[in-house]
Undergrad: 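A single structure is presented below for examination.
Numbering of ligands and ligand atoms starts at 1, following listing order.
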Amino acid sequence: MYKNKAVQEWVEEMARLTKPDKICWLEGTEEERQRLTEEALATGELIQLDQGKMPGCVLHRTAVNDVARVEHLTFICTPTREEAGPTNNWMAPAEAYSKLGKIFDGSMRGRVMYVIPYLMGPPGSSFSRVGIELTDSIYVVLNMGIMTRMGRVAMEHLGDGDDFNRGLHCTADKDPDRRFICHFPQDNTIWSVGSGYGGNVLLGKKCLALRIASYMGRHEGWLAEHMLIVGVEDPEGNVAYIAAAFPSACGKTNLALLRPPETFPGYKVWTVGDDIAWMRIGEDGRLWAINPEAGIFGVVPGTSYKTNPNAMQMIQKDTIFTNVVLTPEGTVWWEGMDDNPPKHGFDWQGRPWAPESGKPGAQANSRFTTPLRQVPTLSPEWDNPQGVPISAIVFGGRRAKVAPLVYESFNWEHGVYVGATMASETTAAATHDVGVVRRDPMAMLPFCGYNMGQYFHHWLEMGRRMEKPPQIFHVNWFRQNGDGGYLWPGYGENLRVLKWIIDRCRGKIGARETPIGYVPHANDFDLSGLNLTPAVIQELSKIDREAWQEEWRAQGEFLKKFGDDLPAELRREYQSLGERIKME
Ligand code: SAT
Ligand code: MN
């Protein structure tokens, strides 16, 4: 099959451990995809949807106790605890290999081991990385086939080399007591066992493209970030690229696929990626980014023709749905799709369900998996091996109060501080309480593969190395008024905020200086066609000093975690923010 010796030897070694009945090497062809789909339909692992209405679409149901990433079972296995830092779970590598080795031992007996070679990034790009994932799940194979460039293309990129990520996954018995997602950055290895849910098992995504890649980036001088990438084209045809970090399930996919509102003509938004950005400094001193993925693993609930028409359009064919409602017509439904639920159907667990029950039919973290090539707004640059030049970096979170709609940092160091202290109210993307404010630096808290204090140092260092670094902004679409209503309409209208950001980057407009950064002058903010008064922009840009003093104290508490690893620059930023918000 494939001739690469290092790959062959490693696959044999892992097969001796897991003892599958058969090994199946994947090539990434259409015929192979069809054959595996048929097989999974026959065993019930997949359910066929109506092929007339939704050609190529299937439904999968996970186990009830296996619906989201499990951060408490996710480990960074570096030789010392210090290297994993205060925000990661740590396990010594020898202990992890031995503990998981016992669970993997014989775990594929009676099953097939699929060998998935995959490429993260465009073929022929110096950004790109090869991984091999071994798995006993056809669902994983089919998802990896959408999310990555899978098969021969990856082996060709690898050639005779041995520089590939070694990923081992077995669904096993899905017992949460025997579920572990372990990363060995020094060995470029990932072992995941006991889960069948996306983020835990599609090893190219969070495990390789963020946790392992962030570690590589630190050593090789680049950044692996939890960011969407979009190009915004103005009416004159100039395109500026923005990379934006939000925690999981805070609207990255909606922003990446944004459709400009009709009341705001002349602009186009081009999608490059919706979740992950790998960024390097180009010879021109700017920051260049690629999206290492080839598909979207998006949150389903709340996706509608109103919130994300492009996504609705692209998921009508060749899409894998996970944990949504199955209707009697063989189509799918979820909360927030429309006001027209089926009279009866089957909920995400396959139980008969009717909307009157008052219970949600789709799981809160249900997902779609769709190839990027189906994105109606896909950028022609999406697989450019050089990437795209980034003008602005945007951090954001879900905050009912405190954070204004948008502000710009004073400079790179201050921007790193803004990213390091960002916070958001939690969502259903991971198993924990929903709606609690949690600090999530650069939206990387669950995804940084090494000590986050060192990660901040790395960000500062990247800034020093760039001749023309991107400007750094912070946004919050979720600010509420006293009655709990949203002040800002969000969705397509967020383009107005992107326009302000780009105008700032191009030096076209001024801004009002506040203790936390620059906010828009109400007159510079384009509200044409929108039923909002400049007073709302003022309200959205209000800096409440008392609330900010409390926020500042909470930031300080959080930063203490990093002890001596916290860079002196960030300590200084913290002090000066404190002084600025004290002044009347
Ligand atoms: O489950 S994933 O980690 O793949 C998606 C997410 O949480 O952002
Ligand atoms: Mn994500």
Undergrad: Determine, using ring centers only, whether Phe368 and Phe297 are less than 6.0 Å apart.
TA: no
Undergrad: Using the ring centroid of each side chain, check whether Phe180 and Trp191 are separated by less than 6.0 Å.
TA: no
Undergrad: Do Asp275 and Lys206 meet the salt-bridge criterion of a basic N to acidic O distance under 4.0 Å?
TA: yes
Undergrad: Aromatic ring centroids of Phe395 and His474 under 6.0 Å?
TA: no
Undergrad: Suppose we screen for side chain to side chain contact (heavy atoms under 4.5 Å, CB included). Which residues come up paired with Val201, at least two apart in sequence or across chains?
TA: Val140, His169, Ser192, Ser195
Undergrad: What I'd like to find out is whether the side chain of Arg398 reaches to under 4.5 Å of the side chain of Phe246, using heavy atoms alone.
TA: no
Undergrad: I need the full list of salt bridge (Lys or Arg N to Asp or Glu O under 4.0 Å) pairs touching residues 215-224, with sequence neighbours left out, sorted by first then second residue.
TA: Arg129-Glu220
Undergrad: Run Leu405 and Arg479 through side chain to side chain contact (heavy atoms under 4.5 Å, CB included) and show every step you take.
TA: CA-CA 7 Å; Leu405 176 63; Arg479 186 142 165 179; over 6 Å; no
Undergrad: Below 4.0 Å from any atom of ligand 1, which residues have a heavy atom? Give them in chain and number order, please.
TA: Arg69, Tyr197, Gly199, Lys205, Lys206, Ser248, Phe297, Arg367, Ala429
Undergrad: Could you grab the protein N, O or S atoms closer than 2.8 Å to the Mn ion (ligand 2) for me?
TA: Lys206 NZ, His226 NE2, Asp275 OD1
Undergrad: Could Arg69 and Glu71 be called an ion pair, given the rule that one side-chain N must be under 4.0 Å from one carboxylate O?
TA: yes
